[in-house]
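What follows is a single structure, written as structure tokens, with notes after it.
Nothing fancy with the numbering, it's 1 onward along the sequence. Quick caveat: nothing in here was measured; it's all calculated off a predicted structure.
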Amino acid sequence: MIGSKYLSELVDCSTFQKGKLNLIEAPTGCGKTAFALKYFPTLVENPLYKVAFLIDTTNGKEQAAKKYNSELATFGWQESVKAGMIDFGNSQRCPIMTYYTFGMLCKKDTSFIDKLDYIFCDELPSLFTFKNIGEDRSNHQTAEEEIKRAIQRGNVTVIAMTATPQSIYKNMSDCIINPIKVDKEQLRRFETKQIVEYNSLKTVFSKVSKGEIGLCYAKHIRTMQRIEAMAVTAGLSPICVWSIRNAGYPMTEEQLAVRKEVLENSRIPPQYNLLIINASSETSIKIESMVDYVIVHSTDEDARVQVRGRVNRDLTRLYLLSTDALDIEVAEKFLNCKLFAEGKKELCEDLHICKNSTEEDIFAWTGVKPRLIKAGYVLKEGRENNKRYVEITLPE
């Protein structure tokens with residue numbers, strides 16, 4: 001871990017302003033959720049009925065609620081807010097809900113918002129993504145509309161926290177944004193010791209030790225399943241976890257048990273050495289058990305930042321997908337011999353260099369050839385019996 005001060009020591013809460021979106025930009029793994037759910041409630045009166053914490057995913061909500069003993073927001077809580085209820089037990093807890101639930105509550109009655117003093121928006125960029133996907137988008141769309149109205153009316157202080165703020169400036173352009181100063185040099189945060197670009201998961205899996213624990217991210221479930229099959233072939237013990245709300249791909253009892261362990265105990269069960277996740281766990285959740293490496297099978301910059309942040313400790317290696325990566329290893333059986341059309345095809349299948357993150361399309365010889373040359377391999381081409389061939393030798 002690097003840095004010397006906690007986020008609560010570096011954020012000056014007196015700089016929060018009503019009528020503006022107060023934006024805390026801070027890296028993953030620095031304690032943003034702890035700041036909002038553990039530290040901040042100690043500074044305000046009646047946080048149970050005066051503060052609302054909005055989060056992007058159900059997985060993140062369940063894990064944070066358990067870790068910080070937070071109240072889950074319900075229609076009953078909404079009525080208590082409207083009635084001006086006081087938490088006489090002074091539990092210093094604040095309620096937590098997904099943006100989806102917030103939108104649902106707002107559809108029922110928006111008047112409760114003006115009874116609040118503070119609204120925390122964790123990973124607000126995810127809201128802009130979710131409002132455009134899925135069959136039921138209206139709750140997320142309502143959530144965005146009401147957050148903007150709350151800012152513009154100026155009755156409640158709205159605070160957003162993220163490591164990737166670019167889409168906030170784009171999607172909240174009709175609101176005034178108040179950037180909150182955070183000295184990132186002093187901020188305590190986790191360290192990534194090595195970043196490795198790759199263009200073939202097959203190569204990555206051949207290099208990692210079976211004694212190491214890994215976390216892998218892919219955007220789509222079908223891609224997750226293909227990666228799982230590749231990992232099994234490589235001798236690893238993988239498991240996939242996605243959203244419980246995905247009716248098209250219901251999880252098995254085994255997957256649900258892993259999900260429960262991750263959310264309740266923040267750890268990957270010991271019988272697995274590779275956990276494969278998607279956007280349902282890209283943000284918000286934390287894994288505190290040992291993780292040696294993280295694979296982000298995406299070229300999206302925000303995903304790279306967010307997925308790394310799921311591991312709550314220093315990280316040995318972070319693998320990032322890049323079709324231009326030069327880490328190519330040609331198997332010995334393809335070296336120093338004449339490769340005709342079938343041999344080239346077999347080589348391309350063995351290298352498995354992907355054109356994109358779906359794992360569906362790999363480069364054929366015309367795409368593999370220039371990458372081998374860039375990687376330093378020596379290619380000697382010729383013709384025999386009117387058939388073209390290539391001989392590949394190791395880089396000098």
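Hydrophobic cluster membership differs between Val311 and Val305, with clusters built from Ile, Leu, Val, Met, Phe, Trp and Tyr side chains linked at under 4.5 angstrom.
In this structure the side chain of Val296 never reaches within 4.5 angstrom of the side chain of Tyr319, judged on heavy atoms. Here the side chains of Glu381 and Lys369 are in contact, with some heavy-atom distance below 4.5 Å. Contact annotation: the side chain of Glu146 approaches that of Ile113 to within less than 4.5 Å [non-hydrogen atoms, C-beta and beyond]. For the pair Pro238/Tyr272, no side-chain contact is recorded, criterion being any heavy-atom separation below 4.5 Å from C-beta on. For the pair Leu21/Ile176, no side-chain contact is recorded, criterion being any heavy-atom separation below 4.5 Å from C-beta on. Lys18 is not listed as a side-chain neighbour of Val158, based on a closest heavy-atom distance of 4.5 Å or more. Proximity of Arg310 to Thr28: side-chain heavy atoms (C-beta onward) are separated by under 4.5 Å at one or more points. By the 4.5 Å heavy-atom criterion applied to side chains, Met230 and Phe205 are counted as neighbours.
Between the side chains of Lys67 and Thr33, no donor-acceptor pair of N or O atoms lies under 3.5 Å. If you check the side chains of Arg308 and Thr192, you find a donor sitting under 3.5 Å from an acceptor. Side-chain atoms of Thr101 and Thr98 include a donor-acceptor pair closer than 3.5 Å. The closest side-chain donor-acceptor pair between Asp87 and Ser91 falls under 3.5 angstrom. If you check the side chains of Ser281 and Asn59, you find a donor sitting under 3.5 Å from an acceptor. Using a 3.5 Å distance cut-off with no hydrogens or angles, the side chains of Thr203 and Glu329 do not pair a donor with an acceptor. For the residue pair Ser298 / Asp300, no side-chain donor-acceptor distance below 3.5 Å is found, with atom types taken as modelled. With 3.5 Å as the limit, one finds a donor-acceptor pair spanning the side chains of Glu123 and Thr162. Under 3.5 Å, the side chains of Lys219 and Asn278 contain no donor-acceptor pair of N or O atoms. Checking Gln141 against Tyr99 by side-chain atom types alone, no donor-acceptor pair falls below 3.5 Å.
The environment of NZ in Lys107 is crowded: more than 12 heavy-atom neighbours from other residues, nucleotides or ligands sit within 6.0 Å. Residue Lys108 places its NZ atom among more than 12 non-hydrogen atoms of other residues, nucleotides or ligands, all under 6.0 Å distant. Annotation for Gln271: atom CD counts as buried by contact number, over 12 foreign heavy atoms lying within 6.0 Å. By the 6.0 Å contact criterion, NZ on Lys184 is enclosed, its count of non-hydrogen atoms from other residues, nucleotides or ligands being greater than 12. Counting heavy-atom neighbours within 6.0 Å of Gln17 CD, excluding the residue itself, gives a total above 12. The environment of NZ in Lys148 is crowded: more than 12 heavy-atom neighbours from other residues, nucleotides or ligands sit within 6.0 Å. Environment of CD in Gln194: crowded, with over 12 heavy atoms of neighbouring residues, nucleotides or ligands closer than 6.0 Å. By the neighbour-count criterion of 12 heavy atoms within 6.0 Å, atom NZ of Lys82 is densely surrounded, having more than that number from other residues, nucleotides or ligands.
Closest of all the heavy-atom pairs between Val291 and Leu215 is CG1-N, 4.2 Å. Here the closest heavy-atom approach between residue Trp365 and residue Ile392 is recorded as CH2-CD1, 4.4 Å. Contact between Ala52 and Met97 at its shortest, heavy atoms only, is CB-CE, 3.9 Å. Across every non-hydrogen atom of Ala26 and Lys32, the tightest pair is O-NZ, 3.2 Å. Thr58 approaches Arg245 most closely through the heavy-atom pair OG1-CD, 4.0 Å. Counting all heavy atoms, side chain and backbone alike, Asn246 lies closest to Trp242 at CB-CD1, 4.4 Å.
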TODO: Please test Lys338 against Glu384 for salt bridge (Lys or Arg N to Asp or Glu O under 4.0 Å), starting from the C-alpha separation and ending with a verdict.
DONE: CA-CA 10 Å; Lys338 295 176 181 178; Glu384 184 177 287; 2.5 Å; yes
Open item on the list: Between Glu288 and Arg267, does the side-chain contact (heavy atoms from CB on, under 4.5 Å) criterion hold? Intermediate values first, please.
Closed with: CA-CA 6 Å; Glu288 297 175 352; Arg267 72 174 193 138; over 6 Å; no
- [ ] Check the pair Arg304, Glu301 against salt bridge (Lys or Arg N to Asp or Glu O under 4.0 Å), reporting the backbone distance first and the verdict last.
- [x] CA-CA 5 Å; Arg304 292 177 169 191; Glu301 289 298 328; 3.6 Å; yes
Task: Stepwise salt bridge (Lys or Arg N to Asp or Glu O under 4.0 Å) test for Arg153 and Asp114 - done: CA-CA 9 Å; Arg153 285 197 302 267; Asp114 287 333; 3.3 Å; yes
TODO: I would like to know whether Lys61 and Asp56 meet salt bridge (Lys or Arg N to Asp or Glu O under 4.0 Å); could you show each step before the answer?
DONE: CA-CA 8 Å; Lys61 177 196 70 176; Asp56 53 348; over 6 Å; no
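Taking the ring centre of Tyr100 as origin, the terminal cationic atom of Arg137 falls outside the region bounded by 6.0 Å and 45° from the ring axis. Arg383 forms no cation-pi arrangement with Tyr389, by the criterion of a distance under 6.0 Å to the ring centre and an angle within 45° of the ring axis.
Relative orientation of the Trp77 and Phe112 rings is perpendicular, given thresholds of 30° and 60° on the angle between their planes.
The existence of a salt bridge linking Lys202 and Asp350 is confirmed by a sub-4.0 Å separation between a basic side-chain nitrogen and an acidic carboxylate oxygen.
Aromatic pair Tyr39/Tyr6: centroids not less than 6.0 angstrom apart. Ring-centre distance between Phe40 and Phe120: below the 6.0 Å cut-off.
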